[in-house]
There are 2 protein chains.
Amino acid sequence: MKLRQGGFIISKIHQLSGRIFSRKLKDYNINDINPAQGRILFALWQKDNIPIQELAKKTALGKSTLTRMLDKLEETGFLLRVFPNDDRRKILIQLTEENKKMKIAYEQVSVEMTKLYYKGFQDSEIDEFEKYLERIFNNLKEHEAE
Amino acid sequence: MKLRQGGFIISKIHQLSGRIFSRKLKDYNINDINPAQGRILFALWQKDNIPIQELAKKTALGKSTLTRMLDKLEETGFLLRVFPNDDRRKILIQLTEENKKMKIAYEQVSVEMTKLYYKGFQDSEIDEFEKYLERIFNNLKEHEAE
DNA sequence: TGACAATAGTACTATATACAACTATTCTAT
DNA sequence: ATAGAATAGTTGTATATAGTACTATTGTCA
């Protein structure tokens, strides 16, 4: 079989882009958000009012990581823990109004990042690429679920 | 502009696959190799006798991370630091015979991982996907170099 | 209906990784 | 020929993230 190194390259991209991203955040004076928190917010902006367990799946972060990061985001006032009546084991995470400024700045950085990422790509290529990524992610998720 | 989340998914894949990979390593009783060390060896298997700086680029790990991981890999006997005469700032990293057993086992796990990753992919799709990855990695590297 | 399994979240602790500051060496431009 | 810039690597310290063990709650099936 041919030598495949997709995973190797993905790790490298993750690490390199993480460093670039956090430098960009600093340039925008966003100092109180780390990568994990960014991912949490990003997931919540798409849909909030969800339990921690679901957030863990959407961000691919560990539960224990979630707990800590949510603590901090709650302290900063970006979100709330809400206790539903139907199942008192669960906790729902709700965004507050507070995070809207953050969202705007953060998304600006994301756009810059995306431009850098996909420099020289045509839209159709990006579409195709991201479809591949989804397929891989699903493969891994299925494996985890077993 | 359309919402792009390539970076977001890549981070998730990185994290998820990291966890799966390290569990697999455990199953094969490879306990003394962490992700960074795996990446270092993987890079060295392709070409050794290179300075640390170059390894940093090839693995996208930080210099200081390299120092520490190389210490451990040297302790375990998987590699040597060699001091060239022409430039005494440099140190070359050389593999020892010792790591061959490790290499075989590690590559077996890699193959399993790759199968999982690319489940349902045709060879041509993998080729295309990995080309995209390389392009993105190069975009980021260029940006770093500036 | 009650014992035991499953699920949700948290706390403790260990590990992975990086940044910034440092030493040693080499390059460069006058 | 030498002062200052650049490069290679290391060390001290800070942060990110996860695994495991724990508590509380809910589901299940004899």
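Because the structure is predicted, anything quoted here is derived from the model rather than measured. Quick note: numbers below take in every heavy atom, side chains included, and nothing from hydrogens, waters or symmetry partners. Proteins come first, then strands; the chains are lettered A, B, ... in the order of their sequence lines, and each starts at number 1.
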Out of [options], which nucleotide sits closest to the side chain of [X]?
| X | options | answer |
| --- | --- | --- |
| B/Ala36 | C/dT17, D/dG12, D/dT25 | C/dT17 |
| A/Lys90 | D/dG9, C/dT25, C/dG9 | C/dG9 |
| B/Pro51 | C/dT17, D/dG9, C/dA18 | D/dG9 |
| A/Arg68 | C/dT26, D/dA18, C/dA20 | D/dA18 |

(request) Give one of base, sugar-phosphate or nothing for B/Arg19, where a contact means two heavy atoms less than 4.0 Å apart. (result)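 B/Arg19: backbone/sugar contact only, no base atoms under 4.0 Å.
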
(request) For B/Leu66, answer base if it contacts any base atom (sugar-phosphate contacts may also be present), sugar-phosphate if it contacts only those atoms, and nothing otherwise; contact means non-hydrogen atoms under 4.0 Å. (result) nothing

Whole-Å distance between [N] [atom2] and [X] [atom1]?
| X | N | atom1 | atom2 | value |
| --- | --- | --- | --- | --- |
| A/Lys72 | D/dT17 | NZ | P | 10 Å |
| B/Leu73 | C/dT17 | CG | P | 12 Å |
| A/Leu70 | D/dA18 | CG | P | 13 Å |
| B/Glu54 | D/dG9 | CD | P | 10 Å |
| B/Lys63 | C/dC19 | NZ | C1' | 11 Å |
| A/Asn34 | D/dA14 | CG | P | 17 Å |
| B/Leu25 | D/dA18 | CG | C1' | 16 Å |
| B/Ile91 | C/dT23 | CD1 | P | 17 Å |

Check this one for me: any side-chain N or O of [X] less than 4.0 Å away from OP1 or OP2 of [N]?
| X | N | answer |
| --- | --- | --- |
| B/Thr65 | C/dT17 | no |
| B/Gln15 | D/dA18 | yes |
| B/Arg81 | D/dT10 | yes |

(request) Quick one: closest heavy-atom pair of B/Phe137 and A/Ile9, and the distance? (result)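 That would be CB-CG2, 4.2 Å.
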
(request) Compare every heavy atom of B/Phe8 with every heavy atom of A/Lys58, then report the nearest pair and how far apart it is. (result)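 Nearest heavy atoms, A/Lys58 then B/Phe8: O-CZ, 3.8 Å.
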
(message) Main chain of A/Met102, side chain of A/Asn99: is a donor-acceptor contact present, judged purely on distance under 3.5 Å?
(response)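 It does not hold such a pair.
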
(request) Would you confirm whether A/Thr59, through its side chain, and A/Ile40, through its main-chain N or O, come within 3.5 Å as a donor-acceptor pair? (result) no

(message) Given the structure, check if the side chain of A/Arg89 and the base of C/dT7 hold any donor-acceptor pair shorter than 3.5 Å.
(response) yes

(message) Distance criterion of 3.5 Å, no angle test: do you see the side chain of B/Thr67 paired donor-to-acceptor with the base of D/dG9?
(response)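 No.
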
(request) With DNA chain C as reference, determine whether B/Arg88 or A/Ile50 sits nearer its 5' end, using the nearest nucleotide of each. (result)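 The answer here is A/Ile50.
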
(request) Classify the side-chain pair B/Gln37/B/Arg68 by whether it contains a donor and acceptor separated by less than 3.5 Å. (result)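 Checked: B/Gln37/B/Arg68 side chains show no N/O donor-acceptor pair below 3.5 Å.
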
